[in-house]
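Source: prediction; values computed, not measured. So you know, we letter chains A, B, ... as the sequences are listed, proteins then strands, and number each from 1.
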Protein chains: 2
Amino acid sequence: MSRALTPLQLAVLRLLADEQMHPYEMQQRIREHAIDQVVKVAHGSLYHAVARLAEDGLIEPVETSREGRRPERTVYAITGTGRDEARSRLREFMMRPVQEYPSFGMALSFVSMLPPAEAASLLDRRTVALEAKLAAHDTVVESLIKRGLARINVIEVEFLNSRLRSELDFVRALSEDIKSRRLDWRPPNGGDGEK
Amino acid sequence: MSRALTPLQLAVLRLLADEQMHPYEMQQRIREHAIDQVVKVAHGSLYHAVARLAEDGLIEPVETSREGRRPERTVYAITGTGRDEARSRLREFMMRPVQEYPSFGMALSFVSMLPPAEAASLLDRRTVALEAKLAAHDTVVESLIKRGLARINVIEVEFLNSRLRSELDFVRALSEDIKSRRLDWRPPNGGDGEK
DNA sequence: AGGCATATAGTCCACTTGGACTATTGAGCA
DNA sequence: TGCTCAATAGTCCAAGTGGACTATATGCCT
């Protein structure tokens with residue numbers, strides 16, 4: 001394999017593992033199954049990803065149909081190599097945590113740029129937004145379950161929710177610590193004199 | 001403001017808010033203060049980010065020194081606009097959670113491509129890696145505290161750790177559920193007949 | 001029957017990213 | 001003293017991303 005499969009490419013392979021389809025249909029399935037909650041899918045990038053997969057022989061065009069005078073659609077199918085590569089990449093993602101850069105972590109590391117009172121009030125606003133997200137996820141899960149999906153097929157939402165709840169706890173506690181002055185607001189570098 | 005500040009640009013402004021410096025020094029500070037744990041800093045991207053900040057008038061060159069025959073270094077300082085923009089962007093990051101795409105969430109949503117026994121074993125390997133990460137963070141925090149930093153300046157590591165612990169709990173529980181067959185491994189789409 | 005919004009299907013390009021490359025200086029050591 | 005390795009300081013470019021753009025068909029409202 002020349003280069004490692006991106007999450008989007010893996011998503012494409014995952015869909016094609018079930019049945020062959022054309023790019024636009026992939027996009028629809030991705031929305032239906034809420035895959036766009038866990039993989040960033042920019043309309044433009046999808047076609048690019050598919051093209052590269054074809055170049056590398058992980059998928060191949062099987063037919064080009066056309067309806068009316070609309071642009072023709074190329075239907076792709078997964079190859080044996082594609083199946084193998086997909087599984088192997090998936091194993092990696094499962095067992096090895098990849099370094100991530102959550103923007104809230106970044107924001108926290110710069111929070112001393114703001115006065116404590118303001119920081120606390122921003123955190124309180126965040127809790128509201130987080131609660132809304134949790135509620136939204138619950139709605140999504142319900143609708144997917146109703147469509148007959150088993151728990152294994154919505155397990156990623158369980159994960160995202162456990163993460164959201166943990167962040168919620170953290171944010172609430174931090175806001176309290178700030179308001180009660182348990183967290184002192186020393187300026188950065190307050191304490192080291194070396195250059 | 002033409003375009004929203006990227007995390008890396010915000011980091012640059014954060015550093016320049018304390019004192020003026022040249023790009024390479026930024027990189028050193030970033031390593032020292034472990035900012036590269038929360039912001040992705042690719043050597044090449046830093047110079048680009050600085051150039052754009054200068055274009056937009058958020059920072060400005062104040063002097064160009066040179067030592068020996070090494071390439072000249074341009075020292076930059078933050079401007080008033082820069083300070084304002086940085087604070088405003090920081091506020092946004094604090095109060096509004098941004099959509100993120102954790103690759104483990106993605107992997108989970110595709111896990112039914114693997115047999116259950118293998119999935120469980122991969123999850124077990126993941127727990128080991130997560131424990132190692134937690135331990136590593138503890139070491140980092142200790143060393144930073146020893147250098148005289150207050151809790152507020154390592155608060156982001158607390159956040160990352162609470163997140164790691166929550167993931168660890170989730171992964172352990174999931175692995176148990178799989179091994180004990182509490183989670184049934186129906187094939188995807190098992191149950192919906194509509195096309 | 002005409003008109004507007006939306007779904008279908010895809011291309012194109014400006015901007016980022018991040019890895020590879022260049023080149024000089026200082027430190028360690030044999 | 002000469003050699004190598006690491007640190008210093010930065011440029012350059014191939015590849016990827018995602019938003020803007022094009023163009024047809026269909027459903028709905030009036």
Around atom CZ of A:R182, are there more than 12 heavy atoms of other residues, nucleotides or ligands at under 6.0 Å?
yes
Should [X] be listed as having a side-chain N or O under 4.0 Å from OP1 or OP2 of [N]?
X	N	result
B:Q28	D:dT8	yes
B:R52	C:dC15	no
B:K40	C:dG18	yes

hbond_proxy A:S45 side chain to D:dG16 base (donor-acceptor, 3.5 Å cutoff)
no
Please tell me whether B:E167 and A:S166 have a donor and an acceptor in their side chains that are separated by less than 3.5 angstrom.
no
Round to a whole Å and report the spacing from [atom1] of [X] to [atom2] of [N].
X	N	atom1	atom2	answer
B:Y47	C:dA20	OH	P	18 Å
A:L46	C:dC12	CG	C1'	16 Å
A:E55	D:dG16	CD	P	9 Å
B:E25	D:dT8	CD	P	11 Å
B:L53	C:dC15	CG	P	16 Å
A:Q27	C:dA9	CD	C1'	9 Å
A:R29	C:dT8	CZ	P	12 Å
B:Y24	D:dA6	OH	P	14 Å

Side chain of [X] only, please: which of [options] is the nearest?
X	options	value
A:H43	D:dA9, C:dT8, C:dT11	C:dT11
B:R31	D:dT8, D:dT11, C:dT17	D:dT8
A:R3	D:dG16, D:dG10, D:dG18	D:dG16
B:H48	C:dA7, D:dG10, C:dT17	C:dT17
B:A42	C:dG18, C:dA9, D:dG16	C:dG18

With a 4.0 Å cut-off, would you call A:E19 and A:R29 a salt bridge?
yes
Indicate if B:I35 and A:Y101 have the same hydrophobic cluster label, given that clusters are the connected sets of ILVMFWY residues with side-chain heavy-atom separations under 4.5 angstrom.
no
Is A:V171 reachable from A:L114 through a run of hydrophobic residues whose side-chain heavy atoms are each under 4.5 Å from the next?
yes
